[in-house]
*Asks:* 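The structure's right below; bear with me while I get my questions together.
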Amino acid sequence: MLLLHGFPENWYSWRNQLDEFSDGYHTVAVDLRGFGNSDAPSKIEDYKMEILLQDLQDIICALGYSCCVLVGHDWGGTLAWTFAIRHREMVTRLIVLNAPHPSAFHDYVLAHPSQLFSSRYVFLFQLPIIPEVLLSLGDFEHIRKLLTDTTHGIQNEERRLSKEELEAFVYYPSQKGALTPPLNYYRNLFGFFPIKAQDVLVPTLLLWGERDAFLEAAMVPEMKQYVRAPFRSEIIPNASHWLQQDRPQEVNKTIRDFLKQEFNVLRNGHST
């Protein structure tokens, strides 16, 4: 089971899932290219989709496997969707948290200006230098607020990040030059659309926090048209964008139930 985090996180965002599923899987949560302790080349072109997908392929093979249960959140979810489309033979199950199928997002945002407004930070992140400066102000206060304030942050009071947990997410971006590599994901974003092959042909679970401040839960029904395999979606009430940290018990139970189901997916994408 390969778990892919989002921005501005690292592998630690999956701490509540690593132990939960280690009884039945070899669970691996990596720092994506440019995050945490992973290699972080500084050029924008080092974060093109083809390169990021090759990273995932290399990780799976280096661990001694030919396929995996692929789990992704936020940017990790975007990579997971796209990897499952391009390399379906390497994905047995796809599990995505608060990340839209790229084509579904494209469709939705064109018809819903409110989502375009919620995604306005994406346009800011296209600029050189300025986003790095803004995110680092006040001892990286903007990053702290993303994870902790009442609008954007974790909503579950029992799961609010402790000071030590928060520092686990602030430490790496606070290092010299460390913000540029993660921001380069966004600087390549407009080159990702449209993806040529759109259909997902593996059993898919989509989980969404109802109170995601960045991505509207109303787009969830748009995903089904792009999955030609068993598909299940669930919107978790009162949960934030940071779903696996916000509601780990609900997330883990839903994932476990999904993994217990038996599917026979044929080559044409239909299932029995």
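Note that this is a predicted model, so its numbers are computed, not measured.
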*Asks:* Centroid-to-centroid, Y12 to H5, below 6.0 Å?
*Replies:*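 No, they do not, as the ring centres are separated by 6.0 Å or more.
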*Asks:* Is the backbone N or O of R159 less than 3.5 Å from a side-chain atom of D246, with the two atoms forming a donor-acceptor pair by type?
*Replies:*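 Flag not set: sc D246 to bb R159 has no pair under 3.5 Å.
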*Asks:* State, yes or no, whether a side-chain contact exists between L161 and Q245 at a heavy-atom distance under 4.5 Å.
*Replies:*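 Yes, side chains in contact.
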*Asks:* Tell me yes or no: between the side chains of Y172 and D31, is some donor less than 3.5 Å from an acceptor?
*Replies:* no
*Asks:* Looking just at side-chain N and O atoms, do S103 and Q198 make a donor-acceptor pair shorter than 3.5 Å?
*Replies:*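 Yes - a donor-acceptor pair under 3.5 Å links their side chains.
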*Asks:* Carefully, step by step, assess F35 and Y185 under the rule ring pair (Phe, Tyr, Trp, His ring centres under 6.0 Å).
*Replies:* CA-CA 11 Å; F35 290 85; Y185 280 69; 5.3 Å; yes
*Asks:* When you measure from the side chain of S38 to the backbone of R33, do you find a donor-acceptor pair of N or O atoms at a distance under 3.5 Å?
*Replies:*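 No; judged by distance alone, with no hydrogens or angles, the pair does not exist.
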*Asks:* Quick check: does any side chain N or O of Q126 sit under 3.5 Å from a backbone N or O of F123, one acting as donor and the other as acceptor?
*Replies:*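 Absent.
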*Asks:* For D139, is the CG atom crowded, meaning more than 12 foreign heavy atoms sit under 6.0 Å from it?
*Replies:* yes
*Asks:* Quick one, R144 with D149, criterion salt bridge (Lys or Arg N to Asp or Glu O under 4.0 Å). Give me CA distance, side-chain angles, the key distance, then yes/no.
*Replies:* CA-CA 8 Å; R144 297 176 190 274; D149 75 12; over 6 Å; no
*Asks:* Determine whether more than 12 heavy atoms belonging to other residues, nucleotides or ligands lie under 6.0 Å from atom OH of Y171.
*Replies:*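 No.
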*Asks:* Have a look at Y108 and tell me which of E216, H101, E222 forms a side chain to side chain donor-acceptor pair (under 3.5 Å) with it.
*Replies:*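 That would be E216; it is the only one of E216, H101, E222 passing the side chain to side chain donor-acceptor pair (under 3.5 Å) with Y108.
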*Asks:* Taking the side chain as every heavy atom from C-beta outward, state whether Y47 and L52 have any atom pair closer than 4.5 Å.
*Replies:* yes
*Asks:* Could you tell me if the side chain of W11 sits less than 4.5 Å from the side chain of V30, heavy atoms only?
*Replies:* no
*Asks:* Do the side chains of E165 and R15 get nearer than 4.5 Å, heavy atoms only?
*Replies:* yes
*Asks:* Looking only at non-hydrogen atoms, find the nearest pair between Y65 and H26 and report the distance.
*Replies:* OH-ND1, 3.1 Å
*Asks:* Would the distance check show the side chain of N238 and the main-chain N or O of E210 forming a donor-acceptor pair, the cut-off being under 3.5 Å?
*Replies:* no
*Asks:* Should we say atom CD of E158 is surrounded by more than 12 heavy atoms from elsewhere, each under 6.0 Å from it?
*Replies:*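 Atom CD in E158 is not crowded, with 12 or fewer foreign heavy atoms closer than 6.0 Å.
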*Asks:* For the backbone of T148 and the side chain of W242, can you confirm whether one donor and one acceptor N or O come within less than 3.5 Å of each other?
*Replies:* no
*Asks:* Please check: side-chain N/O of T204 versus main-chain N/O of V202, any donor-acceptor pairing under 3.5 Å?
*Replies:*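 Yes, because the side chain of T204 sits within donor-acceptor range (under 3.5 Å) of the backbone of V202.
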*Asks:* Can you name the one residue among E250, Q249, R247 that meets side chain to side chain contact (heavy atoms under 4.5 Å, CB included) with N156?
*Replies:*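 Of all the options given, the one that passes is R247.
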*Asks:* Backbone N or O of K253 within a donor-acceptor pair of the E20 side chain at under 3.5 Å?
*Replies:* no
*Asks:* Are E9 and H73 close enough that a side-chain donor and a side-chain acceptor fall under 3.5 Å?
*Replies:* yes
*Asks:* Aromatic rings Y186 and F7: how do their planes relate, parallel, tilted or perpendicular, breaks at 30° and 60°?
*Replies:*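 Perpendicular.
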*Asks:* Between N16 and Q244, is a side-chain hydrogen bond (donor to acceptor under 3.5 Å, both in side chains) present by the stated rule, with each step listed?
*Replies:* CA-CA 7 Å; N16 296 305; Q244 73 270 33; over 6 Å; no
*Asks:* Contact between D46 and K43 at the side-chain level, heavy atoms closer than 4.5 Å - yes or no?
*Replies:*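 Yes, at least one pair of side-chain atoms sits under 4.5 Å.
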*Asks:* Can you give me the closest heavy-atom contact between H241 and N98, atom names plus distance?
*Replies:*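 The answer is CE1-O, 3.6 Å.
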*Asks:* Within the structure provided, determine whether L205 and L94 are in side-chain contact (heavy-atom separation under 4.5 Å).
*Replies:*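 Heavy-atom side-chain distance check fails, nothing below 4.5 Å.
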*Asks:* Are the side chain of R187 and the backbone N or O of F125 linked by a donor-acceptor pair below 3.5 Å?
*Replies:* yes
*Asks:* Would you find a donor on one side and an acceptor on the other, under 3.5 Å apart, between the side chain of N10 and the backbone of G36?
*Replies:*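 Pair absent, no side-chain N/O of N10 close to backbone of G36.
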*Asks:* Among all residues two or more places apart in sequence or in another chain, which pass the side-chain hydrogen bond (donor to acceptor under 3.5 Å, both in side chains) test with R232?
*Replies:*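 R232 satisfies side-chain hydrogen bond (donor to acceptor under 3.5 Å, both in side chains) with E234 once adjacent residues are dropped.
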*Asks:* Check the surroundings of atom CG in L110: do more than 12 heavy atoms from other residues, nucleotides or ligands lie under 6.0 Å from it?
*Replies:*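 For L110, atom CG is crowded (more than 12 foreign heavy atoms under 6.0 Å).
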*Asks:* Under 3.5 Å, side chain of R160 to main-chain N/O of Q155, donor-acceptor pair present?
*Replies:*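 The answer is yes, because a donor-acceptor pair under 3.5 Å joins these two groups.
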